[in-house]
Amino acid sequence: MRLSKSIWQTYKEIPADAEIASHQLMIRAGLIHKVGSGLYNYMPFGYRSIRKVEQIIREELDKIDCQEILMTVVTPGELWQESGRWEKMGGEMLKFKDKGERDLCISPTNEETVTDIFRKIVKSYKQLPLTLYQINTKFRDEIRPRFGLMRGREFTMKDAYSFHMDKSSLDKGYQELFDAYCAIFNRIGLEFSAVEADAGAMAEGDAKTHEFQVIANSGEDQIIYCEEENYAANAEKAETIRGGVEFNLQEAAIGIVDTPNKTTIEEVCAFLSLPQQQSLKSLVYYADIEGEDHFILCLLLGDDSLNELKLRNILACQELRPATDSELLKLNLVKGFIGPKGLAADKMRVIYDQAINRDAYYITGANQEDKHFENFCPARDGMIGETADLRMAVEGDYTLSGAHQIQVKRGIEVGHIFQLGDLYTKALGVKVLDQNGKTKAPLMGCYGIGVTRVVAAAIEQGHDENGIIWPKSIAPFHVYFALVGKSEEIKNEAEKIYQELLNAGIEVLFDDRNAGAGFKFKDSDLLGLPLRLVLGERNFKENGQLELIMRSTGEKELVSPEGIATTIQQALDKLEK
RNA sequence: CGGAGCGUAGCGCAGCUUGGUAGCGCACUUGCUUUGGGAGCAAGGGGUCGGAGGUUCAAAUCCUCUCGCUCCGACCA
């Protein structure tokens, strides 16, 4: 491609609404254009990268006999009503009606459609296992779109679905997809981690599921990991043991202390000059369990925070949120001074976090305005309650074996794989005959990759102050060929070289624009193709040579125009990714 | 949805407090000069100041309503 004929606009200014590097760079480098909140047009060079990601995914999935299909973006509401997700999906799913007043939606995911295809065609165990996938546009009306392609509302996703007769086949299929995902992200050249995750609304709580997280400081997820034990999990899911707590084990009588206007753990502990871990944090939550209202008191060490997801899984509740001020009033609780002692036991379920030593002595709310208890000992003074893992894992924790400390990184979730079980096949009444001629609902797995998010994540991992540094695997082109000079002679030489590179099948972007050298170099760095080849008046007149620069290292060498295509090909082969 | 903020040229912003000719930088067009790290000079094109209503002789500026966008929380590839 020659730049004189392409629609490409770069920007010096950082767009006002872009926060993170990938978003800023994709806009500045002219890869995407914003249309509306969470909506982006893919411009030619950005789209080339997206298609390269798609192609890598295709090749790896086809290798393990997955079959590509393309399902409709608009799907009838009936299918979703059948699975029960028409209501469940909530506002995230964009629903509308056609002229005949029939319900439709723009697919946020495709379990229903693929299951519908399956049930219409597959009748026998002989046709299983089977994996179908598509690469298609999804729309999710995200509560809060942000960070450009990282969390857009319209985005490109690869979604795959596998069908199996039994659990061992599902396990095998799951593992194949797991391995394919590793191959895909390795080929792209991303530093990633496959972590244990929570299934969320997709499947039963104990279903096997992994997230593929690209390591980046701007990531929205926290990953807990331990290299020694080969453990990695999303912080939401991670089970760890807290270390380094100094409990107060000095026996003392319980008593009330005045703590005027000290409503937070920080304030109370600072006021009483005690470490926060010698206080108990009392959090009251409202939960809707099978349609009934419940209030739960969660107790944590003062400097820990609650992992709501863990609580949600313990309660198996439909809705979970902190109790409102008016609900607290009804329960006779004083906000800021809540504690486990003196509560009406029948009104509330009490859960102690497992990090709490029930034989130790703590500061805790006295359920009276401006008062706290000191030397409250749960075993001696407390209301009976259950024990569970409620806390959010943090740096400094130990693994469950207790042998190693865990570490924390931030990650961008680019892929997620689930074992769905028979959730959807049962809901949609799918029946397949097994070896004994009996009908059975097959088991499913589903496997997603955020294609457009992968591109953004790759830029998060590959950039510097001058612009993008693409991995070779998904760079829009491999070579930025800049012509620096005005004479007819050098222009002719450039044309010759460009043709030679094209003929050799090298992906070259030819900067033949009528612009200054500095201008072209800045654009070249911003776009971030792996190699820059410069044909300049200066070098060419002096010694007849061109300059070849690696974007990632800045390494330069002079190369001869003789056999330029071979030279470039060799330089490309040397690049790792 | 709750909280905070912003809408003025394609992009980044000033002007608004104290109402009176709509501005600056980048980008764009033309000419001349320049040509190895976003060139210089000169001349130009481009705006119903997000929208509607109101106050006023007069509104980008003041008031009311509305729409859009961004940021902080719950969702997710």
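Side-chain atoms are counted along with the backbone in the values below, which use heavy atoms only and exclude waters and symmetry mates.
The distance from atom NZ of A:K541 to atom P of B:G36 is 11 Å, rounded to the nearest whole Å. In this structure, A:E142 places its CD atom 16 Å from C1' of B:C72, rounding to the nearest Å. Atom C1' of nucleotide B:A74 and atom NZ of A:K310 are separated by 18 Å, given to the nearest angstrom. B:C76 atom P lies 15 Å from atom CG of A:D141, rounded to whole Å. Across the protein-nucleic acid pair, A:Y480 atom OH and B:G37 atom P stand 15 Å apart, rounded to whole Å. As rounded to whole Å, 14 Å separates atom C1' of B:A39 from atom NZ of A:K520. Atom CD1 of A:I14 is separated from atom C1' of B:G10 by 18 Å (rounded to the nearest Å). Between A:E111 atom CD and B:A77 atom C1' there is a gap of 12 Å when expressed in whole angstrom units.
Within the nucleic acid shown, A:R140 comes within 4.0 Å of at least one base atom, counting heavy atoms only. Here A:I412 lies out of heavy-atom contact (under 4.0 Å) with every strand. Within the 4.0 angstrom heavy-atom criterion, only backbone atoms of the sugar-phosphate kind lie near A:E92; the bases stay farther away. Across all strands shown, A:G152 has heavy atoms under 4.0 Å from base atoms, whether or not it also approaches the sugar-phosphate. Contact annotation for A:I143: base contact, defined as any heavy-atom pair under 4.0 Å involving a base atom. Residue A:E211 is classed as having no contact, given no heavy-atom separation below 4.0 Å to the nucleic acid. Heavy atoms of A:G536 sit under 4.0 angstrom from at least one base atom. Across all strands shown, A:R532 has heavy atoms under 4.0 Å from base atoms, whether or not it also approaches the sugar-phosphate. Residue A:K556 is classed as having no contact, given no heavy-atom separation below 4.0 Å to the nucleic acid. In this structure, A:P322 reaches neither bases nor backbone, as no heavy-atom distance under 4.0 Å exists between it and the strands shown. Heavy atoms of A:N539 sit under 4.0 angstrom from at least one base atom.
Scanning atom types as modelled, one donor and one acceptor separated by under 3.5 angstrom connect the side chain of A:E13 and the base of B:G25. Between the base of B:C76 and the side chain of A:R151 there is a donor-acceptor pair shorter than 3.5 Å. On a pure distance criterion of 3.5 Å, no polar donor-acceptor pair joins the side chain of A:D17 and the base of B:C11.
Relative orientation of the A:F185 and A:Y181 rings is perpendicular, given thresholds of 30° and 60° on the angle between their planes.
When Watson-Crick and G-U wobble pairs are counted only if both distances are under 3.5 Å, B:G31 pairs with B:C41. In this structure, B:G25 forms a base pair with B:C11, meeting either the Watson-Crick or the G-U wobble geometry with both donor-acceptor distances under 3.5 Å. With a 3.5 Å ceiling on both atom-pair distances, the Watson-Crick or G-U wobble partner of B:G20 is B:C57. Pairing partner, B:G36: none, since no Watson-Crick or wobble contact has both distances short of 3.5 Å. For B:G47, there is no paired base (Watson-Crick or G-U wobble, both distances below 3.5 Å). Across all strands shown, B:C6 pairs with B:G68; the Watson-Crick or G-U wobble distances both stay below 3.5 Å.
The pair A:R513-A:D523 meets the salt-bridge criterion, with a side-chain N (NZ, NE, NH1 or NH2) lying under 4.0 Å from an Asp/Glu carboxylate O. The residues A:R2 and A:E495 are annotated as salt-bridged, a charged nitrogen and a carboxylate oxygen being separated by less than 4.0 angstrom. Taking a cutoff of 4.0 Å between a charged side-chain nitrogen and a carboxylate oxygen, A:E489 and A:K541 do not qualify as a salt bridge.
How far CE of A:M71 is from CG of A:D116: 10.5 Å, rounded to the nearest 0.5 Å. Separating the NZ atom in A:K491 from the CG atom in A:D512 is a distance of 9.5 Å, to the nearest 0.5 Å.
Comparing B:C24 with B:C41, their P atoms are spaced 15 Å from each other, to the whole Å. Taking the P atoms as reference points, B:C63 lies 35 Å from B:C26, given to the whole Å. Separating the P atom of B:G15 from that of B:A9 is a span of 15 Å, rounded to the nearest Å. Here the separation of B:G44 from B:G19, taken at their P atoms, is 34 Å to the nearest Å. A gap of 24 Å separates the P atoms of B:C62 and B:C69, to the nearest Å.
A:F477 carries A:R48 over the face of its six-membered ring, with the cationic atom under 6.0 Å from the centre and within 45° of the normal. Annotation: cation-pi geometry satisfied between A:R532 and A:F521 (NZ/CZ under 6.0 angstrom from ring centroid, within 45° of ring axis).
When the nucleotides B:A77, B:C72, B:G25 are ranked by their closest atom to the side chain of A:R146, B:C72 comes out on top. Among the nucleotides B:C71, B:G38, B:G36, the one closest to the side chain of A:E19 is B:C71. Taking every side-chain heavy atom of A:D221 into account, B:C76 is the closest of B:G73, B:C76, B:G36. Side chain of A:S37, nearest nucleotide from B:C72, B:G25, B:C69: B:C69. The side chain of A:P15 sits closest to B:G12 out of B:G36, B:G73, B:G12. Checking B:U70, B:A77, B:C71 against every side-chain atom of A:H416, the shortest atom distance belongs to B:A77. Taking every side-chain heavy atom of A:K12 into account, B:G38 is the closest of B:G38, B:G36, B:G25.
Listed pair A:R321 / B:A74 fails the phosphate criterion, with no side-chain N or O lying under 4.0 Å from OP1 or OP2. Contact between the side-chain N/O atoms of A:K486 and the OP1/OP2 oxygens of B:U34 is not found at any separation under 4.0 Å.
Nearest-nucleotide assignment on RNA chain B puts the 5′-proximal partner with A:G36, out of A:M150 and A:G36. Across the interface with RNA chain B, nearest-nucleotide mapping of A:G516 and A:E413 shows A:G516 to be the residue nearer the 5′ end.
No side-chain donor from either of A:Q222 and A:N234 sits under 3.5 Å from a side-chain acceptor of the other.
Lacking a ring centre under 5.5 Å from that of the base six-membered ring together with a plane angle below 30°, A:F521 does not count as stacked on B:G38.
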